[in-house]
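Positions are given from 1 along the sequence. Worth saying up front: this structure is predicted, and the values here are computed from it rather than measured.
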Amino acid sequence: MPHSDRLPGAPEFSVKLPKEGGEARGYLLAEFGGNGTHKFLLLEGSMVVAEAWPGLGDHARRIRADLRASGGLVDAPADPDRPEAPPRWVAAQDIACNSSSAAAALVYGYDASGPESWRTAEGHPLADYLSTGWRAPRKAWLVRGSNVSGRNLVRQLWLKEGFVSLAGAHLPPLEETDPTKSVLRRYVEEGYEGAASYNQKRGLVDELHAFLTQMRVGDTAATIGDGRLHVGRITGEAVQTSSPGGLSNLRRTVGWLPQSHAYEELPEEVQQKLSVQHDVVDLTGVLDALDGLTGHAERTDPAAADDTGEYPAVERPAQRELSLPDVTEGLASDLLVHDRAWLEEMRELLLDERQLVLYGPPGTGKTYLAMKLAEYFGGGPEQVKIVQFHPSYAYEDFFEGFRPVEDPETREVAFRLTAGPLRELADLASREGNRHIPHFLIIDEINRANLAKVFGELYFLLEYRTRSVRLTYSGDDFALPPNLFVIGTMNTADRSIALVDAAMRRRFAFVELSPRAEPTAGLLARWLKREGRDSESARLLDALNALINDTDFAIGPSYLMKPGVYRNGGLERTWRTKILPLLEEHHYGEGLDITARYGLDSLREQCP
């Protein structure tokens, strides 16, 4: 293949084969393949996995077979130092592939993403050297300009002259209309050498790529100035021009709408996105909310705007608001809650606080009640996820972290960033179409883990739901969706875990479940009446708790709300194997005769 066919500006890429099997090398070609992406040239001498895995497509299998038959792929020499190494092939010639993914499949022996698999010597993915692929018909962008080197460009220039801009004082003249990330990275590395840190340069590349390449005419533009949100539509392509101090020399014209919106009155999901600390932020995830603010529907054709950049107002369907179902008599009856006002208070606490903890001694129905409330208010079990904390539970288990994962094709194990239950539920709750539906995370035994270790930076988000934080592992800007509720349960009988720190108490509403107060008081008697059983066990439990005289160590009714208790000998068996052992631990070292004080015979004498 002649060297002139190489894509200009594209470097050489490589992939490493598993189990120290060598590497393959190649580069992009200027010619396009059948799927609309650049062809890829696999260079002579590249190593190839000989085994084809089950997931490899039929077309790729035929190509490998044809290359073997024609001598394009030959057996690689055996390594005398590694006799157990799997067989490999080697490219005996340069091989033109239909795409980088086709080349990756040829090398690995299974289907793989070429743009992510092939890397430069510096570790940059091949995707950075490709033009922007498919994008949504209309997107939304936040561009910050209220403090550019101490100047409020929003007030002084943008709103008056109708544009948004980025500073680019050190950039050379841009020759391409849609520069790739690799081109922009080269410009930034050369122009900002010594003027910016590696992290600043990385962020600048992302912002320039969004502003110059990903933005399109017709997209929604937004900015914050003097505490108000201004919204408009992008009406012009990006241009590079001179400006004082280079503060606004990359510009796009914008038709600003006349009305603005106070920041504190914005929907919570919009406030979360606006809190992301970048100069250019993709707001497409809240595009519907922005359209709801302005009363404008989607227009993919920029010609639909008038001379001011405004689009004709249309009637939009009302956005569905987040709410929790009202408490009904049916719910109170199902849960055997005597005082319906208690359930009303739970609903109000969830709406106001979004996080609450049910705490109390064993057997008071904390987990059961948490699940029932979550399923009722969430509309079903599909919106409920439950986890149980324990001493070894960590942030990586709860939210996200690198975990060993087996590749289904090669069976090799590698550490990959994996979402935990909170991240999974948050992603589900924030999905378009789900944002008005309550989702619940139940944390059982919430005080058994090291809470600061488990929550990490999420502690902040529990208190400030309208803000976002930069995540430790993925680097994403993350906010807790407003429709995600958390219910924890906490056992107070174990003194070693009964206390939680002040930060935790400030972020959660705490609701006690005690056998001496609603809704737990009288629960067993109501259950026995509904089941048509004798009320003796309820009287015995009340007498037992009166003797214990310690709220944290009282015995909850759920021990006696099981069918097996009421079979022949079941009450005596439950008392002997479930209840008395708890009291023996409570009075450990006191020399007290537990059976004589708390046994059934003794209690029956006290309440005939």
Side-chain angles (χ1 to χ4, degrees), residues 131-132 134-146 148 151-168 171 173-179 184 206-226 228-244 246-261 266 270 273-274 278-316:
S131 301
T132 302
W134 182 90
R135 70 187 299 278
R138 183 166 67 93
K139 304 190 74 171
W141 305 91
L142 168 70
V143 186
R144 297 189 188 277
S146 60
V148 180
R151 295 186 59 186
N152 189 334
L153 298 184
V154 176
R155 186 196 314 133
Q156 297 170 3
L157 291 175
W158 291 7
L159 298 179
K160 293 179 180 179
E161 301 184 19
F163 68 87
V164 290
S165 62
L166 280 185
L171 292 177
L174 302 177
E175 300 174 355
E176 302 179 36
T177 55
D178 289 331
L184 292 172
D206 291 338
E207 290 165 0
L208 289 171
H209 188 250
F211 191 87
L212 298 172
T213 303
Q214 294 183 306
M215 284 187 190
R216 291 287 188 271
V217 173
D219 283 357
T220 294
T223 193
I224 293 285
D226 299 319
R228 301 188 69 83
L229 176 71
H230 302 270
V231 182
R233 292 293 176 90
I234 297 172
T235 58
E237 301 291 349
V239 295
Q240 190 176 22
T241 185
S242 60
S243 67
L247 299 182
S248 60
N249 59 331
L250 297 175
R251 299 186 179 188
R252 282 183 179 269
T253 55
V254 173
W256 296 108
L257 298 177
Q259 70 271 29
S260 61
H261 310 272
L266 296 173
V270 176
K273 283 290 189 180
L274 296 180
H278 299 295
D279 287 341
V280 181
V281 180
D282 190 340
L283 298 182
T284 308
V286 293
L287 180 56
D288 286 345
L290 293 174
D291 283 344
L293 288 173
T294 59
H296 291 74
E298 178 176 341
R299 290 287 187 271
T300 57
D301 181 7
D306 59 23
D307 294 338
T308 67
E310 287 197 41
Y311 286 71
V314 298
E315 183 178 350
R316 293 179 58 86

Set out, in order, the CA-CA distance, both residues' side-chain angles and the distance that settles side chain to side chain contact (heavy atoms under 4.5 Å, CB included) for Leu208 and Leu250, then state yes or no. CA-CA 9 Å; Leu208 289 171; Leu250 297 175; 3.4 Å; yes
- Item | Steps toward side chain to side chain contact (heavy atoms under 4.5 Å, CB included) verdict (Ile234, Arg216) | CA-CA 7 Å; Ile234 297 172; Arg216 291 287 188 271; over 6 Å; no
(request) Just do the side chain to side chain contact (heavy atoms under 4.5 Å, CB included) check on Ser165 and Leu153 with the steps written out, would you? (result) CA-CA 9 Å; Ser165 62; Leu153 298 184; 4.2 Å; yes
Item to check | Heavy-atom side-chain proximity of Leu287 to Leu283 below 4.5 angstrom | outcome: no
Point to revise | Non-hydrogen side-chain atoms of Lys273 and Leu142 separated by less than 4.5 Å | key: no
How about Asp206 and His278: do any of their side-chain heavy atoms sit closer than 4.5 Å?
-> no
**Message:** If you define the side chain from C-beta out and look only at heavy atoms, does anything of Arg233 sit under 4.5 Å from Arg138?
**Reply:** yes
The reported gap from NE2 in His230 to OG1 in Thr294 (rounded to nearest 0.5 angstrom) is 14.0 Å
- Taking side chain as C-beta onward, heavy atoms only, is Leu293 less than 4.5 Å from Val231? no
Within the structure provided, determine whether Val143 and Val254 are in side-chain contact (heavy-atom separation under 4.5 Å). no
Taken to the nearest 0.5 Å, the spacing of Trp141 CH2 from Phe211 CZ works out to 11.0 Å
task = Report yes if the side chains of Leu212 and Pro179 come closer than 4.5 Å at any heavy-atom pair, otherwise no.
result = yes
| said: Under 4.0 Å between a side-chain nitrogen and a carboxylate oxygen: does that hold for Asp219 and Arg252? | reply: no
CZ (Arg151) and OG (Ser248) are apart, to the nearest 0.5 Å, by 7.5 Å
*Might you work through the side chain to side chain contact (heavy atoms under 4.5 Å, CB included) test for Leu229 and Leu290, ending with a clear yes or no?*
CA-CA 10 Å; Leu229 176 71; Leu290 293 174; 4.0 Å; yes
